[in-house]
Structures are given as C-alpha cells and as structure tokens.
**Student:** 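Please find one structure pasted underneath; my questions will follow.
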2 protein chains.
Amino acid sequence: MEDAVEALARKGPSSAEIADWIRTQIRSNRFVPGQRLVEVDIIRQTGGSRFKVREAYQRLAADGLVEIEEFRGAKVRGASMDEVRQLYRARAALEGLCAADFTERASKADRERLQEIAAAMEECVENERPEEFGRLNAEWHQLLMRGAGNMVIEQVVKRLNSPVHHLLFGTFYRGERLREAAHDHREILAAIMANDAAGAEKAMRGHVENGLKFLRELDEAVHFHS
Amino acid sequence: MEDAVEALARKGPSSAEIADWIRTQIRSNRFVPGQRLVEVDIIRQTGGSRFKVREAYQRLAADGLVEIEEFRGAKVRGASMDEVRQLYRARAALEGLCAADFTERASKADRERLQEIAAAMEECVENERPEEFGRLNAEWHQLLMRGAGNMVIEQVVKRLNSPVHHLLFGTFYRGERLREAAHDHREILAAIMANDAAGAEKAMRGHVENGLKFLRELDEAVHFHS
DNA sequence: GCGAACGAAATTGTCAACAATGTCGTCATC
DNA sequence: GATGACGACATTGTTGACAATTTCGTTCGC
C-alpha cells in the first residue's frame, strides 16, 4: 500500500485536500485577498475535478476564508483592521480562559512540555531564528488549549486566525516583537507554574492584546488589508 | 414582484436556503442527533436540486451541525456532555468579554434597548411565558454582542450554540430556571448601568456557567446526548 | 435456530455536457 | 474623444446519467 501520493495519482485529491491546498496558498500569500479563485485554474493546479473544487469552496466559505458570489465564483476574503481587532479581542478572551484552565487542570506532562517549548523559544530569540520561533509559538498556544481540556476553543481559535494567518509568518516575529513575545511568554509561564490561574489569564490576555497592538502599528505603516 | 415564495417556485431554493431549512429542522428537534440526512428526502421536502443539497451539507459540516462520512452521507451531529462543557466555557469567556465591552462602548440607544428587553423579560417571568422569554433572551444576548461592537464574536457564539440550540427551546426556560436566569440578567444589567465593566463581565460569566450547571442537572436526569 | 455468503435495492460519489450569467473588447454614434 | 450598444469569450450554475459503495433482506449450510 502506497501513501497519499499514490492515492492522489490514482483518484485525484479529495475536496478536503483541495481545501487544505487552497488554505496553504492563502496562508503563504500566494493567493492574496480579493483574488478570484477561478475553478479551472484550481483544477489544473490540484488535479481535482470541478465538483470537488466547488465542494472545497463551500467549506472555505463557511470557514470565512473565501467569499462566494453568485456567478462570480469564490475570491479570497480580506479582513478590515476593525475585524482584526474584534478577532483579537475574541482570541484574548478564549486563550485567557485556557491559560486559567490550564493552570488548574493540566497534567504534569503537559506542564513540563510547556516549559520545554518555552525554553526552546528562548534559544530562538537569542539566535534570531524567527521562523523556528513562529513554529514553536503555534505549538505552545496549541498545547495550552489542549492542556486546558478544551478542543472546542482550539478549533475556534484556529478559525479566527485564518484570515490573518498569512501575516503571522514572515513579517510578524522579528526584532523587537520577538523579544516582546518572549517576555509575555515568561510572564504567562511564571503564573501557571505558581498556580495563579487569574494571573495566567490576565497575562495571556495582555499577550494577545500586544499582538493586536503590533498589527495596528504595522497597519499604520503599510496598509496591507483590503 | 412577489417575494421569496415566488422565487422559490420558479428556481428552487439556494443552497444557503436549504442549509437554513435543515438548521431549522435540527433546532426544532424534527431532525435528531444521529439521524441520517438522505439526499432524496431533503430534495423532496425542499424542492432543491441534489447539487444544492450537497452544497448545503458542506456548509453545515463546516458549521459542525452535521457529519459527513464517505458513502454514508450526512447525519446530524450530537454533542457529548464534555463537549457541551467546553462550549459553555468558551461562551462564558466570549460573552463575558462582550458584557465588559458593552459597558465601555455601547451607545445610549443600545443601553436603553437593553433595559427595555430586560423589563419585557421580567413580565414573561411573572406571567410564565417561557417561549416569549426564550425569544427575548436570544435578542438580549445578541444586542449585548452587537453593542459591544464585536460581530465576530456574535458569529462564533451562534456557531457554538448550534449543537445544543434545540435544547434551549422547550425544556430550557421553565419554572426555577426561568427565575434564575432573570435574576442573573438583573445582576448583569445593574453592573452595566453602573459602568462597572469588570462586574458585568463576572456576572455574565456566572450566568453562562449557570446555564451549563442546569444542563448538567438535566443530563443526569435524562441522557439526551448521543 | 444461527451465522455467513450472496445479491438486489438504496444511497452516495463522480463526471461531462449544457444553460445562464458575467466580462471585456469592438464598433458605431454623437 | 466619450459613451453606450452589441457580441464573442470566459466563467459559473444546473442537470442528468452512470459508477462505486453501503445496506438490508434472503438463502444456504451447519
């Protein structure tokens, strides 16, 4: 039995795989907000049938990643700065809660893993490796939500991030922002380890709000949104 | 120009209309968790084409209302009690935040409207009209999120509620629970009117948690979930 | 009577052709 | 040169037919 590559060659990708492929393109900025997703182009590039491509569009539309207009097809949805604000407020509330819940109910193994990742991130700061930092950061936040025993929130946050996710890689974790984020993380971790749930929640909220503040400053420099 | 009925007779419903129809069926308990949604049945009952029905399924699947399995079609998704817990924790965080934001940035008109609805709900408690209470309650929560200037959260909460929404009508607001909810509302409203954002947030969180507690008790009496 | 193998019916997955609509360049007119 | 009507092309919407798979009742062997 071969793996996915073989299955892909035989039968073509499933609608879920096509949706993931489009997601990747959007996140890596190869598809930019406002861009039309022409069905035949996607078919050519993925090898999927038209039917599957359209199924993929529906899923992405429900995720808020693309907009579908009748007879005009799907196009990549951009987020206004105000929407980004709302989105970050929501994340602050959700991840703040998770930080508190993690403090109260995470397993010993999860707590140790959290420290490990934090240590690895510190190294990335010293050696100026923003890509690695971004990857670890995603893992860190995910572990927090999972350790808090709330996969529903994990799913929701993943969705919320979608429209701005492409910004988070590349321009986001550089220079001062890298150090700032690392500082926030230390604060959160300290509260968790001290079993201070309320403190962890507050620190996490502040961390997310800092991310928004940074995006705001970025926005004033270059208007990236539609 | 006739309205939607005429358009429906001419061209059949759009996939979004079909999705809404299915949503309604699920919420009113005519479709129960685990039930298979056979395509031809939906086609017969809505008049939509098969293609549109399947598009509707994809949307509902992304919303988490139905599950799609290959060659087995779509079936209504039920939520485990643990999932309901996670869901209510998320709601508590999000609506708590909205209560705080509403306190700080809602318009005068919104604040007055909030009082109006609260007064109408009090009447419903006195006259024991749970259906009306449920309707007003939904409006009240919605106004809070909108007045807080966060439509993203409004959308997310709507989605979060989907899997348990059918429980909220009928069995939910009756007897003691009705009075308890009204009491919570008074507390929230008082904090908002006193410009106490932190107090409003705390009260709202408590209110949502009370809803969860009630669902838990209900669950121990009858195991409604799958 | 019980369970496994079989097969018809029901159901979903896929595709290709055609219809409806939008898009954009062209040309006539003022 | 600007403007609007027209038409060819590009793109999406819709449908029906057929293939793949599951489901369920039947039959056969024990």
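In what follows, every chain begins at residue 1, and chains take the letters A, B, ... in the order their sequences are listed.
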**Student:** From the options dG13(D), dT11(C), dC15(C), select the nucleotide whose nearest atom is closest to the side chain of Arg50(A).
**Tutor:** dG13(D)
**Student:** Listed by chain and number, what are the side chain to side chain contact (heavy atoms under 4.5 Å, CB included) partners of Glu39(B), not counting sequence neighbours?
**Tutor:** Arg50(B), Arg54(B), Tyr57(B)
**Student:** OP1 or OP2 of dC15(C) less than 4.0 angstrom from a side-chain nitrogen or oxygen of Ser49(A), does that happen here?
**Tutor:** yes
**Student:** Rounded to whole angstroms, how far apart are CZ on Phe51(B) and P on dC18(C)?
**Tutor:** 18 Å
**Student:** Rounding to an integer number of Å, can you tell me how far Phe71(A) CZ sits from dC18(C) P?
**Tutor:** 18 Å
**Student:** Given 3.5 Å as the limit, does a donor-acceptor pair link the side chain of Arg36(B) with the main chain of Lys75(B), or not?
**Tutor:** no
**Student:** Measure from the side-chain heavy atoms of Val40(A) and tell me the nearest of dT14(D), dT22(D), dT11(D).
**Tutor:** dT11(D)
**Student:** Which word best sums up how the rings of Trp21(B) and Phe31(B) line up, parallel for under 30°, tilted for 30 to 60°, or perpendicular for over 60°?
**Tutor:** perpendicular
**Student:** Take Gly48(B) and Arg36(B), find for each the nucleotide of DNA chain D with the closest heavy atom, and name the residue whose nucleotide sits nearer the 5' end.
**Tutor:** Gly48(B)
**Student:** Any side-chain donor paired with an acceptor under 3.5 Å for Asn150(B) and Asp101(B)?
**Tutor:** no
**Student:** Figure out the CD/P separation between Glu39(A) and dG13(D), and round it to whole Å.
**Tutor:** 6 Å
**Student:** Check whether any side-chain N or O of Lys52(B) sits under 4.0 Å from OP1 or OP2 of dT14(D), and answer yes or no.
**Tutor:** yes
**Student:** Which whole-number value in Å describes the distance from Glu69(A) CD to dT23(C) P?
**Tutor:** 9 Å
**Student:** Just compare dT12(D), dT14(D), dT11(C) and give me whichever is closest to any side-chain atom of Val38(A).
**Tutor:** dT12(D)
**Student:** Looking only at side-chain N and O atoms, does Arg72(B) come under 4.0 Å of OP1 or OP2 in dT23(D)?
**Tutor:** yes
**Student:** How close or far is atom C1' of dT12(C) from atom CG of Asp41(B), stated in whole angstroms?
**Tutor:** 13 Å
**Student:** Can you measure Ile68(B) atom CD1 to dT14(C) atom P for me and round it to whole angstrom units?
**Tutor:** 12 Å
**Student:** Rounded to whole angstroms, how far apart are CD1 on Ile43(A) and C1' on dT11(D)?
**Tutor:** 11 Å
**Student:** From CZ of Arg54(B) over to P of dT14(D), roughly how many Å is that when rounded to an integer?
**Tutor:** 15 Å
**Student:** Which residues satisfy the salt bridge (charged side-chain N to carboxylate O under 4.0 Å, His left out) test with Asp110(B), sequence neighbours excluded?
**Tutor:** none
